[in-house]
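Please read the structure below before turning to the comments.
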Amino acid sequence: MNLFSRSTARRAIASAAPAAPTTRATSGAVALSDPGLAALTGEWIVDPAHSRIGFSVRHAMVSTVRGAFTEFESRLYFDGRDPRRSRAEVLLSTASVQTGVEQRDDHLMGRDFLDARAFPHIRFISTAVEVAGPDVYRMAGDLTIRDVTRPVVLELTYIGHVTDPFGYQRAGFDGTTTINRSEWGLTYNARLAEGGALVSEKVRLQFDIAAIRTAPTA
């Protein structure tokens, strides 16, 4: 699959699935609320046309700015028999950030924040998965921004799965985590006359995922 291409989901599925990233499985008993999940074991990709990888952050302490990265690649492996063995890797293009305001997008891509020219990618690689409850998982992983890598934990909720009218298997997940951007070197800010910061250090990351099962390799 061409890196950060805007190819359709159909073309992405037709290509060979990339090798799944390595990870560690946590110990402990496995509790599956839906035995049918076993049939979903295999390779998946995130459908960019029906997914959103976004963020939200407080601005001037009174409003919330929301944005998303519109170009990304992924490789996922879901183990329905033992979800702890599932794994994921997502690669975002920092230059694809969009908040609906061009001037703000340019600022985010600049050296004050993401510095897209020097650091063109943001990467998440899972390291462990824990079953937290029925259809709820905690996925630990390493998040790399501006070449700084730190651990994060995503709270994931399994929504369900269907076969679409074109015969493709789809599965849905919602995920979220909150990070302190300064821990990745994103320290730009300005002080308000009333006190407080122009941009909150806390950033909520949101993953609205529609995954499509890839065709098995020959």
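All values reported here derive from a predicted model rather than from experimental measurement.
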- Using salt bridge (Lys or Arg N to Asp or Glu O under 4.0 Å) as the criterion, list what pairs up with Arg146, not counting sequence neighbours. none

Per-pair distances, 0.1 Å, donor-acceptor, side chain in residues 59-66, under 3.5 Å, sequence neighbours excluded:
residue, atom, partner, partner atom, Å
Ser63, OG, His59, O, 3.1
Thr64, OG1, Arg58, NH1, 3.3

- Message: Going by side chain to side chain donor-acceptor pair (under 3.5 Å), name the residues that satisfy it together with Arg204, two or more places apart in sequence or in a different chain.
- Response: Thr176

- Task: Quick one: list whatever passes side chain to side chain donor-acceptor pair (under 3.5 Å) with Thr157, sequence neighbours left out.
- Result: none

- Quick one: ring pair (Phe, Tyr, Trp, His ring centres under 6.0 Å) partners of Phe113, sequence neighbours excluded? His107, Tyr188

- Item | Partner residues of Arg123 under the salt bridge (Lys or Arg N to Asp or Glu O under 4.0 Å) criterion, sequence neighbours left out | Glu89

- Message: According to side chain to side chain contact (heavy atoms under 4.5 Å, CB included), who are the partners of Ala68, at least two apart in sequence or on a separate chain?
- Response: Arg52

- Item | Partner set under side chain to side chain contact (heavy atoms under 4.5 Å, CB included) for Val203, not counting sequence neighbours | Phe55, Val57, Ile179, Arg181, Leu205

- Side-chain heavy-atom pair Thr94, Leu92 within 4.5 angstrom cut-off: no

- Query: Is the shortest distance from a Lys or Arg side-chain nitrogen in Arg75 or Glu43 to a carboxylate oxygen in the other one below 4.0 Å?
  - Reply: no

- Message: Ring-plane angle category for Phe78 and Tyr137, please: parallel below 30°, perpendicular beyond 60°, tilted otherwise.
- Response: perpendicular

- Query: Of all residues at least two apart in sequence or in a different chain, which pass the salt bridge (Lys or Arg N to Asp or Glu O under 4.0 Å) check with Glu201?
  - Reply: none

- Listed by chain and number, what are the side chain to side chain donor-acceptor pair (under 3.5 Å) partners of Arg104, not counting sequence neighbours? Thr99

- Item | side chain to side chain contact (heavy atoms under 4.5 Å, CB included) against Val162, all qualifying residues, sequence neighbours excluded | Arg170

- Query: side chain to side chain donor-acceptor pair (under 3.5 Å) with Asp142: which residues, sequence neighbours excluded?
  - Reply: none

